[in-house]
Amino acid sequence: MEGVLLGVAVLLALAGLLLLFRARQDVGRARSAAADLARSGEQLGERLAAAEEDRREMELVLSTMKEGLVLVSADGSVSFTNPAADGHLLGKPASLSSILPLGLQQAVRRAAEGQVSMIADVETGAPSRWLRASAIPVGEEGLVLLVITDVTEARRLEAVRRDFVANASHELKTPVSSIRAAAETIRTAAAEDPTVAARFAEQLEREALRLSRIVADLLDLSRLEAGSELGESVAVDSLLREEGERLGSAAAVAGVALEIDAETAPLVHGSARDLSLLVRNLVDNAIRYTKRGGRVNVGLEAGDGVVVLTVADTGIGIPTRDLPRVFERFYRVDRARSRETGGTGLGLSIVKHVAENHGGTVSVESELGRGSTFTVRLPASP
Ligand code: ADP
């Protein structure tokens, strides 16, 4: 009997131990499951924070982009626009059919139908602006992304470049034609009459000189468009005196009195070569557009942190309506007079580039028949 009881007690003890062991295991599992859960919770929190950060960054990028973005769904509704798009389209479009001008809608429709990217340039608004739109199919659900860029300035610059090439070609064509004609005359007529050769050789020389002036000015202009090399401290007063000596003989030939009154002025940080070019062009113009007996006065004064250069003449003057345009390339008030006196139409454009490259300005005041005064302000070296 005792043996039986002992056996039962051992069995119960074993069962108890087993239950205890299981219970411990369950607690352990539960604990590790809880720890796992907490870890997953933490990870989820981190991921959500990272996703939120990504979303904010993406929003920042999309809202500061200059390109407008419009996402159009297959049913024609607009599911997203960024602020640039709202600006380009003058409002937030709710659907494709409210996007104007019509060229943009057509680009989106064609992109959706053909599943190919479409590009369209459209003119819009008053004052007129040019928008370039790329409609790009994205994904397989008929979504189209419209990317809109304002290309008004790029088109204006392109038109300026085209005009410039056309004008330059025209300017070069004239002396080249004269040179060809003179050369041909010399070849055919000179054998019969030697005086013809001398006359036409003179014409040839004159036109070749004109051609080389245009080419030299064009080269200066293209160099200046890339900027001046501002590495020197320039004493504009002594530079003026040097240029005055050079131009003195041209003034004497033209019968114009040239007077240079240059106060000692602060130095200017810049390029002596380009500042000489500026002075030469202004004084050369003043002499060329002043009649015999007239005067040209060049002055230099120190202002408040600026050096002020003035070139004043008692010449033919410039009509008020032409004043805003004389700094444009190839703009001339009187084409024939400019040509006769050896002008290229590029001098004042060169002057403006040099002044601006030095952080300065150039302006003009003029009275027809009485004379003109050009004023250049350059920042003085600190
Ligand atoms: P150009 O080689 O024809 O002189 P510029 O660019 O130097 O070209 O000047 C542009 C135009 O401005 C000239 O053709 C001329 O009509 C006018 N102009 C420039 N300077 C003077 C001046 N001092 N007096 C009168 N007209 C001037």
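These figures come from a predicted structure and were not determined experimentally. Both counts, for ligands and for their atoms, begin at 1 and track the order of listing.
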- Message: Could you check whether any heavy atom of Arg288 sits closer than 4.0 Å to an atom of ligand 1, since that is the contact criterion I want to use?
- Response: yes
- Query: Strictly under 4.0 Å, does any heavy atom of Gly345 approach an atom of ligand 1?
  - Reply: yes
By number and element, which atoms of ligand 1 are closer than 4.0 Å to a non-hydrogen atom of [X]?
| X | result |
| --- | --- |
| Val326 | 10 (C), 12 (O) |
| Gly347 | 5 (P), 6 (O), 7 (O) |
| Ser372 | 24 (N), 25 (C) |
| Thr344 | 2 (O) |
| Phe374 | 20 (N), 23 (N) |
| Leu346 | 6 (O), 8 (O) |
| Gly317 | 25 (C) |

Look up atom [atom1] in [X] and atom [atom2] in [Y], then write down how far apart they are to the nearest 0.5 Å.
| X | Y | atom1 | atom2 | result |
| --- | --- | --- | --- | --- |
| Leu100 | Ser98 | CG | OG | 7.5 Å |
| Asp121 | Arg132 | CG | CZ | 4.0 Å |
| Asp284 | Thr341 | CG | OG1 | 8.0 Å |
| Leu218 | Arg329 | CG | CZ | 9.5 Å |

- Note on the structure: Smallest heavy-atom separation, Leu240 atom then Val298 atom, equals CD2-CG1, 3.7 Å
- Message: For Arg295, is there any backbone N or O sitting under 3.5 Å from a side-chain donor or acceptor partner on Thr314?
- Response: yes
What do we get for [X] next to ligand 1 when only non-hydrogen atoms under 4.0 Å count, side chain, backbone, both or neither?
| X | value |
| --- | --- |
| Asp313 | side chain |
| Arg337 | neither |
| Ile318 | side chain |
| Tyr331 | backbone |

Return the residue, atom name and 0.1 Å-rounded distance of the protein heavy atom closest to [atom].
| atom | answer |
| --- | --- |
| atom 3 (O) of ligand 1 | Ser338 OG, 2.6 Å |
| atom 16 (O) of ligand 1 | Val333 N, 3.0 Å |
| atom 13 (C) of ligand 1 | Tyr289 OH, 3.3 Å |
| atom 7 (O) of ligand 1 | Asn285 ND2, 2.8 Å |

- Note on the structure: When Thr152, Thr149, Val151, Val122 are each screened for side chain to side chain contact (heavy atoms under 4.5 Å, CB included) with Leu131, the one that passes is Val122
- Query: Short N/O distance, under 3.5 Å, between Leu348 and ligand 1?
  - Reply: yes
- Message: Could you check whether atom CZ of Arg55 has more than 12 heavy atoms from other residues, nucleotides or ligands sitting under 6.0 Å from it?
- Response: yes
- Counting heavy atoms not belonging to Glu229, are there more than 12 under 6.0 Å from its CD? no
- Task: Using a strict cut-off of less than 4.0 Å between a Lys/Arg side-chain nitrogen and an Asp/Glu carboxylate oxygen, indicate whether Asp274 and Arg223 qualify as a salt bridge.
- Result: yes
- Item | Within-4.5 Å side-chain heavy-atom neighbours: Leu247 and Val296 | no
